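See structure below.
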Amino acid sequence: MAKILIADDHQGMRDMIVEMLLGLDHEATGVTDGLEARQALAAGDYDLLVTDLRMPGLDGMALLRSLRDEGSGVGVIVMTAHGSVESAVEAMSLGALDFAQKPFPLSAIEAKVKKALERLSMTRTNQLLRDEINQRFGSLIGGSPSMQRVFELIAKVSETTTPVLVLGESGTGKELVARELHRRSPRADGPFITVNCAALAEGLLESELFGHERGAFTGAVQSKKGKFELAHEGTLFLDEVGEIPLATQVKLLRFLQEKEMERVGGNRLIKVDVRVVCATNRNVKELIADGRFREDLFYRINVITVEMPPLRERREDIPLLVEALLRRHAANTGLQGTVADDAMNLFQIYEWPGNVRELENVLERALVLADAGASGHRRISGKDLPAEIQGGEGAPAAQREYMEASGLSDQIERIEREIIRKALVEAQWNQTKAAKALHLKRSSLQYKMKKYELQRPEEE
Ligand SMILES: Nc1ncnc2c1ncn2[C@@H]1O[C@H](COP(=O)(O)OP(=O)(O)OP(=O)(O)O)[C@@H](O)[C@H]1O
Ligand SMILES: [Mg+2]
């Protein structure tokens, strides 16, 4: 069932097509010229327009042109006078899907409408799929403008060997960015090596990074390659780079300038081809001011900066992340779950100091506590969340206020469920159609269907 507009100044023709389409269970409306058609199209969301070319006022070609200029998504079939192939060609070049030359049997229009609707539903499905994919960049998830900018930047610089500094609070995905930079680079087949610069004592870090020769220090019974050599033709990820001791910073700076290094206790210069990605959750400018980080090194590692936004500044990504993290968790553990509205609302007002990692942990813990339904499916509600999120004593005022008003949210939840159920029934459980009627993305509709446990009833 589609919504179709027929524009033709010839009443007999118009009525015949409208009736034929109504008979096929479509919603069909007739108008008499291009201006009326444009108004109708602007007011209602039509799937398809079947229009005559020669009409008083705004003719079919001008109508097509204005639809194209507006970027309208409506599909168009034009009806042309017999023998006017040129106007058919022109109409197609303006974006019409098909044309029918008069006179035609009604069955011809019927077939063309059917074909056009199939094509439209295919492009729409593709568009929806594309929308979903765009919110995902490798293992990184985010539809918010700030994350989209991060994705664009990664895509741009992954081709190069330019050093990248990833900044951001704990748990914002800095390591994922480093991995994604590697995965999309021409060196993706090479090694990706991580060094946590905070985890090792001063002397150890230096030999970990640059390796050592036999006898370089007590206990160095054999020579050993460092991470730089191991990362040859790959990417070296220096995590918590702000913690590198000053002496090691000098060696790192030299490597970045010369692309050469020496093992500890050695004097042989070794050339390695390594792309360096650094990350820190520290304020590097402060470290520089305190004399704990070399300014010249900072400029070397910070040619490109990727700043990871904290989760509380991109709350619109929370439902998306919840869905993805639950799916990932289910794949690993078999524990299936959804998040009820009261819990989702609390997620929306919580501060998330530990960002995505904290969200991941909260979900994992709540899944264990949540009640299992008959299907074994677990539904996480507010009571399964830690006290700081539930809005107890220590919670921010906004959160407590919300909790007091939460009788309201139950009601809203019930109403929303009913609206969605009705739309699905009306669309005969065709999710694409229902999503369109509700002005929802199909992925959001699916999320809500899962949340409200809405399923197409079993066929008898
Ligand atoms: N945008 C995202 N999409 C999906 N998962 C994410 C995203 N950001 C972070 N995560 C997940 O959150 C966890 C923390 O990410 P990651 O280790 O990359 O953070 P980090 O910034 O390096 O944190 P830290 O500073 O504490 O080391 C990981 O399990 C990661 O998979
Ligand atoms: Mg990390």
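Side-chain atoms are counted along with the backbone in the values below, which use heavy atoms only and exclude waters and symmetry mates. All ligand and atom numbering here is 1-based and tracks the order in the structure. Position 1 is the first residue of the sequence; numbering continues from there. Predicted model only: the values in this text are computed from it and were never measured.
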Starting from the N and O atoms of ligand 1, find every protein N or O within less than 3.5 Å and list the pair with its distance.
from     : atom 1 : to     : atom 2 : distance (Å)
ligand 1 : 1 (N)  : Ile141 : N      : 3.4
ligand 1 : 1 (N)  : Ile141 : O      : 3.0
ligand 1 : 3 (N)  : Ile141 : N      : 2.9
ligand 1 : 17 (O) : Arg357 : NH2    : 3.1
ligand 1 : 18 (O) : Lys174 : N      : 3.4
ligand 1 : 18 (O) : Glu175 : N      : 3.1
ligand 1 : 18 (O) : Leu176 : N      : 3.2
ligand 1 : 19 (O) : Gly173 : N      : 3.2
ligand 1 : 21 (O) : Thr172 : N      : 3.3
ligand 1 : 21 (O) : Gly173 : N      : 3.1
ligand 1 : 21 (O) : Lys174 : N      : 2.8
ligand 1 : 21 (O) : Lys174 : NZ     : 2.9
ligand 1 : 22 (O) : Glu175 : N      : 3.3
ligand 1 : 23 (O) : Gly171 : N      : 2.8
ligand 1 : 23 (O) : Arg357 : NH2    : 3.3
ligand 1 : 25 (O) : Lys174 : NZ     : 2.6
ligand 1 : 26 (O) : Ser170 : OG     : 2.7
ligand 1 : 26 (O) : Gly171 : N      : 3.4
ligand 1 : 26 (O) : Arg357 : NH1    : 2.8
ligand 1 : 26 (O) : Arg357 : NH2    : 3.4
ligand 1 : 29 (O) : Glu360 : OE1    : 2.8
ligand 1 : 29 (O) : Glu360 : OE2    : 3.2
ligand 1 : 31 (O) : Arg328 : NH1    : 3.4

Name the atoms and distances for all side-chain donor-acceptor pairs under 3.5 Å in residues 283-298, with sequence neighbours left out.
from   : atom 1 : to     : atom 2 : distance (Å)
Asn283 : OD1    : Lys285 : N      : 3.1
Asn283 : OD1    : Glu286 : N      : 3.3
Arg294 : NE     : Asp296 : OD1    : 3.0
Arg294 : NH2    : Asp296 : OD2    : 2.8
Glu295 : OE2    : Tyr299 : OH     : 3.4

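- The pair Asp98-Lys115 counts as a salt bridge, with a side-chain nitrogen and a carboxylate oxygen less than 4.0 angstrom apart.
- Taking His329 as the reference, nothing meets the ring pair (Phe, Tyr, Trp, His ring centres under 6.0 Å) condition, with sequence neighbours excluded.
- Every ring pair (Phe, Tyr, Trp, His ring centres under 6.0 Å) that Phe228 has, sequence neighbours left out, goes to Phe210, Phe255.
- The backbone N or O of Met1 lies less than 3.5 Å from no partner atom in the side chain of Asp25, so there is not a single donor-acceptor pair.
- Figure legend: cation-pi geometry between Arg187 and Phe192 absent, as NZ or CZ is not positioned both under 6.0 Å from the six-membered ring centre and within 45° of its axis.
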